[in-house]
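Structure record follows, encoded as C-alpha cells.
Basis for what follows: all heavy atoms, side chains included, without hydrogens, waters or symmetry-related copies. Residue numbering restarts at 1 for every chain, and letters A, B, ... go by the order of the sequence lines. What you are looking at is a predicted structure, and each value in this text was computed from that prediction instead of being measured.
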Amino acid sequence: MTKQERRKAALIFAVIALVFMLGAILAGGSSGEEETIQQVMRDAVLHDINKVSLFGLEVNPGLMAGVIVSGILIVFALICRIFFIPKFTMVPGKFQLVLETVVGLFDNMAKGNSKINGFLGAYIFAAGSYIFTGTLFELFGVQAVTTEGLSISLPAPLSDINGAIMMGCLSYLVIMSGGIAGNGVKGIGKTLKEYSLPISLSFRLFGALLSGALVTELVYYYSSLSYVVPVLVGVLFTLLHALIQAYVLTMLTSLFYGQVSDNTPKPPKEKKRRKDKKIINKAETAQSEETAAA
Amino acid sequence: MTGIPLNIDWQQILLHLFNFTILFGALYILLYKPVRDFMAKRTAYYADMDSRAADALKEAESNRDAYDEKVRSFDEEIRAEKAKMNKEISDQRDHQLAQAKTDAEKIISDAKAEAEREKDEIIASAQKEIAGMVTDAMEKLTLEQSASDAFDQFLDAAEEK
C-alpha cells in the first residue's frame with residue numbers, strides 16, 4: 001500500500017467515524033433511558049428487576065450469559081477436538097502452541113501446587129477458561145430481552161452473585177476433595193479449618209466482576225462517555241480483570257488444594273527438639289562422667 | 001427466596017452449578033485431556049529420543065574407550081615388539097660378532113697354520129733343494145773325482161798293459 005493510498009484509507013475511516021459520532025449525538029436525546037442510573041446499578045447488584053426467560057424459568061441475565069459462554073466454550077472445544085487436535089504435530093504450529101500453552105499453564109499450576117493433581121488441573125482449566133471467557137463476554141454486549149420486554153446487554157456470568165457463589169463453593173468442595181484424596185478424613189478437618197474460604201472466594205469474584213460491570217454500566221449509560229472512554233474501560237479494564245480474576249481463583253484453589261492434600265509429616269516442633277537436645281546432652285554428660293570415673 | 005440478602009437464589013446457584021459441570025466435563029473430554037495426552041506423548045517421545053541419544057553417546061564413549069584401550073594395547077604391543085626386535089637385533093649382532101670373531105680367529109689360525117705349513121714346505125723344499133744341490137755337488141765332486149780316478153786307472157791299466 002502506497003503512502004497516498006494509506007492517507008486515503010485513513011480519511012475514509014475518519015469520515016465514517018465522524019458520521020457514526022454525529023449520528024450518536026443526534027440520537028442522544030431519545031436513547032431509550034427507561035431506567036435511571038441508580039436503578040441500573042441497583043439491578044446490576046441485586047438482579048431484582050430485569051429477569052430473562054431461560055427454558056421457561058425466570059432467571060438472572062447472568063445465568064443466561066453463563067449458558068451462552070458455556071455453549072461458546074463447548075463449541076470451541078468441539079471444533080478444536082475435531083479439526084485441530086488430530087492434526088497436532090511434534091513441532092507445534094501457532095494455534096497448537098496457544099492451546100498447549102493454556103493447558104500447560106493450568107497443568108503446571110496444578111503440578112506445582114499438589115502431588116495429587118489430575119483432577120485439580122482439569123478443574124482449574126475449566127474454571128479459568130469460564131472466568132476469562134465469561135468476563136470477556138461482557139465486552140461484546142450481547143443483547144437479551146427481559147421478561148418485561150426491555151433490551152439489556154448480558155453481563156459477565158460471575159457478576160451474578162449466584163454464579164460467584166457457585167464458583168466459590170465449588171472451588172471449596174474441590175479443595176475439600178483434595179484434602180480427602182490426600183489425607184482422608186483428616187483432610188476434611190484441614191479444609192474445614194479454612195471455613196471462610198467459600199465466602200472469600202465467592203465474594204472476591206463477585207466484587208471484582210461486579211465492579212467491572214458497574215463501571216461499564218456507568219460509562220455506557222451516558223452517551224457523552226461513550227467515546228474513547230470505553231476503549232480504556234471496556235476493553236483494557238475488562239481484559240485485565242478477566243486475566244486477573246481467572247488467575248486469582250485458579251491460583252488460590254490450587255494453593256489451598258495443595259495445602260490440604262499435602263500428607264508429608266510435619267517436622268518435630270522446636271520445643272520438643274530442644275527437649276530432645278537436653279536429653280541427649282544429659283546422656284552425653286553422664287557418659288563422659290562415667291568414662292572419667294573409670 | 002425472599003429474606004436472603006443480595007437476592008441469592010439457590011435454584012439459580014444449582015443451575016449455574018449444572019451449567020458449569022457440563023462445561024467442565026466437555027472441556028475435560030474435548031480439550032484438556034487430548035491436549036495434555038498429546039503433550040505427555042511428545043514429552044515421552046523426546047524423553048525416549050533423549051534416552052536413545054544418551055545410550056548412543058554411552059556406546060560411543062565405550063567405543064572410544066575401547067579404541068583408546070586398543071590403541072594403548074597396540075602401543076604396548078609395538079613397544080614390546082620393538083624391544084623384542086631390539087633384543088633380537090642385539091642378540092644377532094652379538095652372535096654375528098661372536099661368529100665374526102670365531103671366523104677371524106679361525107682365519108687367523110688357518111692362516112697361521114697355512115703359513116706354518118707353507119713355511120715348513122718351503123723349508124722342506126729348501127732343505128730338499130739344498131740336499132739336492134749338496135748331493136749334486138757331492139755327486140759332481142764325486143763324479144769329478146771318480147772320472148779322473150777312472151781315467152787315471154784307465155791310463156794306469158793301459159800303461160800296465
Side-chain angles (χ1 to χ4, degrees), chain A residues 45-48 54-55 57-60 62-63 66-67 69-71 73-82 84-86 88-92 96 99-100 102-104 106-107 118-119 121-123 125-127 129-130 133 157-158 160-167 169-170 173 202-203 206, chain B residues 1-70:
Chain A
V45 180
L46 297 175
H47 306 290
D48 56 350
L54 183 73
F55 306 118
L57 284 171
E58 215 174 69
V59 295
N60 295 342
L63 181 59
V67 172
V69 168
S70 294
L73 280 172
I74 290 169
V75 169
F76 173 75
L78 205 63
I79 290 169
C80 287
R81 183 73 190 88
I82 294 168
F84 294 103
I85 292 173
F88 271 12
T89 51
M90 287 293 168
V91 179
Q96 184 185 342
L99 282 183
E100 283 184 12
V102 175
V103 170
F106 291 108
D107 195 37
F119 177 70
Y123 174 74
F125 173 71
S129 309
Y130 185 60
T133 319
L158 296 169
D160 178 3
I161 183 75
N162 300 315
I165 287 174
M166 177 280 294
M167 190 52 86
C169 292
L170 186 63
L173 287 175
S202 307
F203 283 86
F206 177 59
Chain B
M1 290 264 181
T2 53
I4 302 175
L6 290 168
N7 283 332
I8 294 168
D9 185 342
W10 297 111
Q11 187 192 34
Q12 287 195 45
I13 290 174
L14 289 174
L15 284 171
H16 270 288
L17 187 64
F18 173 69
N19 174 44
F20 183 75
T21 310
I22 290 171
L23 175 70
F24 168 75
L27 282 185
Y28 178 72
I29 293 164
L30 297 173
L31 205 58
Y32 183 76
K33 195 171 177 289
V35 174
R36 204 184 57 167
D37 286 351
F38 181 82
M39 284 161 73
K41 200 172 104 186
R42 184 172 48 207
T43 309
Y45 172 76
Y46 282 114
D48 180 50
M49 197 185 257
D50 195 39
S51 79
R52 268 189 285 139
D55 285 348
L57 189 71
K58 212 173 167 184
E59 200 184 320
E61 273 174 3
S62 80
N63 280 349
R64 195 189 58 191
D65 287 349
Y67 169 76
D68 285 349
E69 188 62 35
K70 229 171 219 179

| said: Any heavy-atom pair between the side chains of A/F125 and B/L27 that's under 4.5 Å? | reply: yes
| Counting only N and O atoms by type, is there a donor-acceptor contact under 3.5 Å from the side chain of B/Q12 to the main-chain atoms of A/N60? | yes
| request: Quick one: which of B/K41, B/M39, B/R42 has the most heavy-atom pairs under 4.5 Å with chain A, could you say? | output: B/R42
| query | Using non-hydrogen atoms and a limit below 4.5 Å, what part of residues 13-24 of chain B faces chain A? | reply | B/I13, B/L15, B/H16, B/L17, B/N19, B/F20, B/I22, B/L23, B/F24
| remark: Closest non-hydrogen contact found for A/F88 with B/V35 is CE2-CG2, 4.0 Å
| Atom of B/I8, atom of A/I161 and distance for their closest heavy-atom approach | CG1-CG1, 3.9 Å
| query | Going by the salt bridge (charged side-chain N to carboxylate O under 4.0 Å, His left out) test, which pairs reach into residues 26-35 of chain B, not counting sequence neighbours? | reply | B/K33-B/D37
| field | chain B contact via A/A164 - side chain, backbone, both or neither, heavy atoms under 4.5 Å | value | neither
| task | Would you please name every residue forming a side-chain contact (heavy atoms from CB on, under 4.5 Å) with A/D107, sequence neighbours left out? | result | A/K111, B/Y32, B/R36
| request: Residue by residue, scan residues 44-58 of chain B and write down, ordered by number, those that have a heavy-atom distance under 4.5 Å to chain A; if none do, write 'none'. | output: B/Y45, B/Y46
| request: Answer yes or no: is there a side-chain heavy-atom contact under 4.5 Å between A/R81 and B/L31? | output: no
| said: Between A/T89 and chain B, with a heavy-atom cut-off of 4.5 Å, which part of the residue counts as in contact: side chain, backbone, both or neither? | reply: backbone
| note | Honestly, the part of A/F84 sitting under 4.5 Å from a heavy atom of chain B is neither
